[in-house]
Undergrad: 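Sending over a structure as C-alpha cells; questions will come in a sec.
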Amino acid sequence: MTEIAFHFNAPDKLGYVCRFARKALRHGARLVVLGDGAALSRLSPRLWSVSATDFLAHASESEGAQMLAASPIILAEHLQDLPHHDVLVNLTPQVPAEFERFARVVEIVSSGDEMDRQDARVRWRDYAARGFSIVRHDLNLKG
C-alpha cells in the first residue's frame, strides 16, 4: 500500500521540496513532483541551484521518454506515462488521480498559507477515508 506523509509548516514550500528531493535522491529514490505550470516553473531554477556547489538534475514531462527515464526528478502537471513510481511530491490542492502507483506520496504544506492548510486537511480526510494510514511530520518540531 502507498505510504502517505504530510510535511506541515514548511516556511518556504519550494525550498523544502529542494531539500526533500536532495535527501530522497541520496537514499536512491526517484521523484515525480506534481504541480501546476507556474509552481513547476518557479521550482526548476531552484533545483538547478540548490547551493553554490550543488544542483538537482531534473526534466519536465514534455522532454520525451528517454530524458524522463534518465532524470532522477520529473516535474509534471499530469501523471500519465511517467517512468518513476518511487516518490510523488504533490504540490496540487487535490489528491492526485492514480497516486496509488507510487510507493510514497509526500504532501508539503506551507506554514503561512491558510488556503494551503485547508486544502491539506481535505486531502488528509480523503486519504484516510480510502483506508491509508498517514504519517505526520511537523517541520516546526524538527528545528
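Since we're looking at a predicted model, the values are computed, not measured. In what follows, residues are counted from 1 in the order of the sequence shown.
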Undergrad: Using ring-ring contact (aromatic ring centres under 6.0 Å, His included) as the criterion, list what pairs up with H58, not counting sequence neighbours.
TA: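 For H58 the ring-ring contact (aromatic ring centres under 6.0 Å, His included) partners, ignoring immediate neighbours, are W48.
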
Undergrad: Which residues pass the salt bridge (charged side-chain N to carboxylate O under 4.0 Å, His left out) test with R19, sequence neighbours left out?
TA: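 Result, salt bridge (charged side-chain N to carboxylate O under 4.0 Å, His left out) vs R19: none returned.
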
Undergrad: For R101, check salt bridge (charged side-chain N to carboxylate O under 4.0 Å, His left out) against everything at least two apart and list the hits.
TA: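 In terms of salt bridge (charged side-chain N to carboxylate O under 4.0 Å, His left out), with neighbours along the sequence ignored, R101 is linked to E98.
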
Undergrad: Does S133 have any side-chain hydrogen bond (donor to acceptor under 3.5 Å, both in side chains) partners at least two apart in sequence or in another chain, and if so, which?
TA: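 side-chain hydrogen bond (donor to acceptor under 3.5 Å, both in side chains) check on S133 returns nothing, list empty.
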
Undergrad: Holding to side-chain contact (heavy atoms from CB on, under 4.5 Å), I want the full list of residues that pass it with Q66, two or more places apart in sequence or in another chain.
TA: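 Not a single residue meets the side-chain contact (heavy atoms from CB on, under 4.5 Å) criterion with Q66.
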
Undergrad: Taking NZ, NE, NH1 and NH2 as the nitrogens, is one of them in R130 or D126 under 4.0 Å from a carboxylate oxygen of the other?
TA: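 Looking at R130 and D126, the cut-off is met.
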
Undergrad: According to the salt bridge (Lys or Arg N to Asp or Glu O under 4.0 Å) rule, which pairs have a member within residues 27-44, sequence neighbours left out?
TA: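 Every candidate salt bridge (Lys or Arg N to Asp or Glu O under 4.0 Å) pair involving residues 27-44 fails, so no pair, neighbours aside, qualifies.
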
Undergrad: Who are the salt bridge (charged side-chain N to carboxylate O under 4.0 Å, His left out) partners of E3, not counting sequence neighbours?
TA: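 Partners of E3 under the salt bridge (charged side-chain N to carboxylate O under 4.0 Å, His left out) test: R104.
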
Undergrad: Tell me who clusters with W124, hydrophobic residues only, linked when side chains sit under 4.5 Å apart either directly or through other members.
TA: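 When side chains under 4.5 Å apart are linked, the cluster holding W124 also contains M1, I4, F6, F8, V32, L34, L68, I74, L79, L82, L88, V95, F99, F102, V105, V109, Y127, F132, I134.
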
Undergrad: For A103, which residues count as a side-chain contact (heavy atoms from CB on, under 4.5 Å) partner, sequence neighbours excluded?
TA: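 Here no residue qualifies.
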
Undergrad: Name all residues meeting the salt bridge (charged side-chain N to carboxylate O under 4.0 Å, His left out) criterion together with R136; count only those two or more places apart in sequence or in a different chain, and write none if there are none.
TA: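 Scan of R136 (salt bridge (charged side-chain N to carboxylate O under 4.0 Å, His left out), adjacent residues dropped) gives D138.
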
Undergrad: Once salt bridge (Lys or Arg N to Asp or Glu O under 4.0 Å) is applied, what residue pairs with a partner in residues 46-66 remain, sequence neighbours excluded?
TA: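 Qualifying pairs, neighbours excluded: D12-R46, R22-D54.
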
Undergrad: Under the side-chain contact (heavy atoms from CB on, under 4.5 Å) rule, collect the residues that match up with A69, sequence neighbours excluded.
TA: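 Listed in chain order: nothing, the list is empty.
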
